[in-house]
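So that the names make sense, note that chain A is the first sequence line, chain B the second, and so on, each numbered from 1.
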Amino acid sequence: MLDTVYLRKKRDVLEEALRKRGYSLDILDELTEIDAKRREVITRANELRAKKNEISKRIGQLRRKGEDASHLMEEAKKYDELLRQLKDEEKEYDRKFWELWAYVPNIPHESVPVGPDESANVVVREWGERREFPFTPKPHWDIAELLGILDWKSASEMSGSRFVTYRGLGARLERALINYFLDTHTKNGYTEIFPPILVKPDALYASGHLPKFHEEMYYINEDDLYLIPTAEASLANLHRGQVIPEDKLPLYYVAYTPCFRREAGSHGRDVRGIIRMHQFNKVELFKYTKPEESYEEHEKMVQDAERILQALGIPYRVVLLSTGDMGFAAAKTYDIEVWAPGLGRWLEASSVSNVEDFQARRANVKLRRKSGKTEYVHMLNGSGLATPRVFIAILENFQQEDGSVVVPEVLRPYVGVEVIRPL
RNA sequence: GGAGAGGUGGCCGAGCGGCCGAAGGCGGCGGCUUGCUAAGCCGUUGAGGGGAGAACAUCCCCUCCGAGGGUUCGAAUCCCUCCCUCUCCGCCA
């Protein structure tokens with residue numbers, strides 16, 4: 001959620017932001033209208049309350065002196081009905097205003113390329129050599145089949161499509177990735193967190209996933225809980241309602257969690273293999289920083305994620321998302337895409353965003369300056385990394401002609417073998 | 001799930017229905033002191049909103065003591081509902 005000064009005093013900045021993102025400006029007119037009415041009602045109600053408070057105060061004074069105050073009590077009662085009416089109006093306008101305001105996206109940082117969609121994204125850098133294959137590289141599903149590490153049949157029977165069972169060294173490789181990611185990041189100063197996977201609606205509201213993305217998440221009606229679509233949702237709630245002394249910042253967190261996404265509306269896309277699953281594993285990075293440091297920390301976070309891919313030897317590229325491709329809460333986002341030679345395309349393995357104070361405002365997380373003043377912290381999130389895409393990249397990049405896959409050296413202690421061979 | 005206790009400012013902790021935005025302490029900030037010295041003294045220090053205003057200066061007002069309702073001229077204080085925490089019991093990986 002944005003600061004409302006953008007609506008009142010920095011309207012031009014807000015309009016430009018919406019235009020850049022390809023959003024309609026209609027919502028602003030509606031908001032301005034509601035806001036004007038809302039403030040009018042507030043002012044009237046406040047004036048009335050002030051009068052009534054004054055009378056009540058006088059009653060108290062008279063009563064203490066033991067004098068009669070019944071005439072004043074009669075007078076005070078006259079305000080009741082009008083006041084109740086105004087209170088209802090005030091609440092209604094307030095509700096409408098904040099409900100709508102929650103649909104206004106974050107303002108893109110000035111360094112973000114402007115464009116309608118991913119075509120305007122900018123490749124910032126590319127790392128690693130894309131290997132030349134003396135044979136036609138297979139897609140990961142064919143390799144996994146040969147190796148017997150992914151079992152689609154059992155998963156579809158127990159859970160349906162877009163679920164998979166990892167088996168044998170496949171399960172081991174998946175666990176290896178999670179452990180390797182966590183171990184690396186904790187060595188780099190991130191505190192490991194294992195958060196709840198089921199969270200209440202207001203937690204997702206704070207993280208910015210609600211109200212917009214209800215359809216994307218699994219919701220358990222019986223208990224009014226959601227399965228998290230990303231650990232970001234949990235980590236954004238770690239310090240809800242807190243005021244953090246500025247010398248404690250920045251805070252670095254890393255969490256492994258499974259992630260659950262309904263993938264509503266993605267039917268027919270990425271149906272093969274493990275590119276797009278309803279349940280997947282991800283190691284998430286999260287930072288709470290001072291506003292003046294967030295962009296520097298953003299760059300560092302991207303590099304923390306990149307280092308993993310470098311150690312694994314997987315070719316990747318870093319892409320700066322354009323205004324039209326960026327997420328709702330983000331002010332600036334880099335995607336890290338790994339090369340998948342079997343598929344012949346780049347796959348998003350990480351998305352690293354600076355949301356500035358967008359989540360902090362909803363989650364009410366502040367920092368206290370030495371001077372005593374408080375202000376909202378900046379929050380950053382990034383995958384470090386999502387396992388399925390890395391899993392794919394390993395199979396496809398390190399496949400041999402016979403279908404065997406060479407395990408990257410840094411993973412060998414975790415996987416226990418140097419090569420995963422066909423059955 | 002059952003029984004009980006409790007949720008107050010950055011933190012701890014008082015608080016008779018009016019004089020409470022809230023004692024006291026800690027912490028922070030400013031100053032003084034420098035033979036009480038890993039200290040002492042004095043002062044100061046909540047948040048959100050509306051309005052006046054060129055103003056992130058200042059002033060006025062409103063709201064906020066877990067959340068939401070209610071009683072009352074008046075609620076941190078009384079009543080109801082909900083959420084959360086703690087203790088005990090039950091259940092359970």
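Secondary structure note: stems in RNA chain B built from 3 or more consecutive Watson-Crick or G-U wobble pairs under 3.5 Å occupy B:1-7 with B:83-89, B:10-12 with B:24-26, B:27-32 with B:40-45, B:46-52 with B:58-64, B:66-70 with B:78-82.
Counting non-hydrogen atoms under 4.0 angstrom, Arg369(A) reaches nothing in the nucleic acid.
Distance, Asp247(A) CG to rG10(B) P: 17 Å, rounded to whole Å. Following rounding to the nearest Å, Leu367(A) (CG) and rG10(B) (P) show an atom-to-atom distance of 14 Å. Atom NZ of Lys370(A) and atom C1' of rU44(B) are 19 Å apart (whole Å). Tyr205(A) has its OH atom 21 Å from the P atom of rC83(B), to the nearest Å. With rounding to whole Å, Glu222(A) atom CD is found 15 Å from rG1(B) atom C1'. Regarding Tyr376(A), its OH atom lies at a distance of 7 Å from the P atom of rG48(B), rounded to whole Å. As rounded to whole Å, 14 Å separates atom P of rC19(B) from atom CG of Leu62(A). At whole-Å resolution of the value, CG in Asp3(A) and P in rG48(B) are 11 Å apart.
Ring-centre distance between His140(A) and Phe391(A): not below the 6.0 Å cut-off. Residues His239(A) and Tyr253(A) place their aromatic rings such that the two centres sit under 6.0 Å apart. The aromatic ring centres of His278(A) and Phe260(A) sit 6.0 Å or more apart. Centroid-to-centroid, the aromatic rings of His214(A) and Tyr219(A) come within less than 6.0 Å.
Each ring pair (Phe, Tyr, Trp, His ring centres under 6.0 Å) pair with one or both residues in residues 35-92 of chain A, not counting sequence neighbours, would appear here, but there are none. Residue pairs meeting the ring pair (Phe, Tyr, Trp, His ring centres under 6.0 Å) criterion with at least one partner in residues 4-58 of chain A, sequence neighbours excluded, do not occur; the list is empty.
For Ser161(A), there are no side-chain contact (heavy atoms from CB on, under 4.5 Å) partners at least two apart in sequence or on another chain. Remark: Glu299(A) pairs with Tyr334(A) by the side-chain hydrogen bond (donor to acceptor under 3.5 Å, both in side chains) rule, at least two apart or across chains.
The cationic group of Arg172(A) does not satisfy the cation-pi geometry with Tyr414(A), failing either the under 6.0 Å distance to the six-membered ring centre or the 45° limit from the ring axis.
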- What string of B, S and - do you get for nucleotides 57-81 of chain B 5' to 3' if you count protein non-hydrogen atoms under 4.0 Å? ----SSS-----S---BS-------
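rG66(B) and rG6(B) have their P atoms separated by 13 Å, with the value rounded to a whole Å. Comparing the same atom, C1', in rU34(B) and in rG40(B) gives a spacing of 9 Å after rounding to whole Å. For rU87(B) and rG13(B), the P atoms lie 16 Å apart once the distance is rounded to whole Å. Between the P atoms of rG24(B) and rC42(B), the separation comes to 13 Å (whole Å). Only the C1' atoms considered, rG10(B) is 12 Å distant from rA47(B), to the nearest whole Å. To the nearest whole angstrom, the two C1' atoms, one in rG69(B) and one in rC12(B), are 31 Å apart. rG21(B) and rC61(B): their P atoms are spaced 13 Å apart (whole Å). One C1' atom belongs to rA39(B), the other to rC32(B), and the distance between them is 14 Å to the nearest Å.
Annotation: of the two residues near RNA chain B, Lys373(A) and Arg39(A), the 5′-most nearest-nucleotide partner is Lys373(A).
Ring-plane geometry between Phe97(A) and Trp101(A) is classed as parallel, the angle between the planes falling under 30 degrees on a 0 to 90 degree scale with a further cut at 60.
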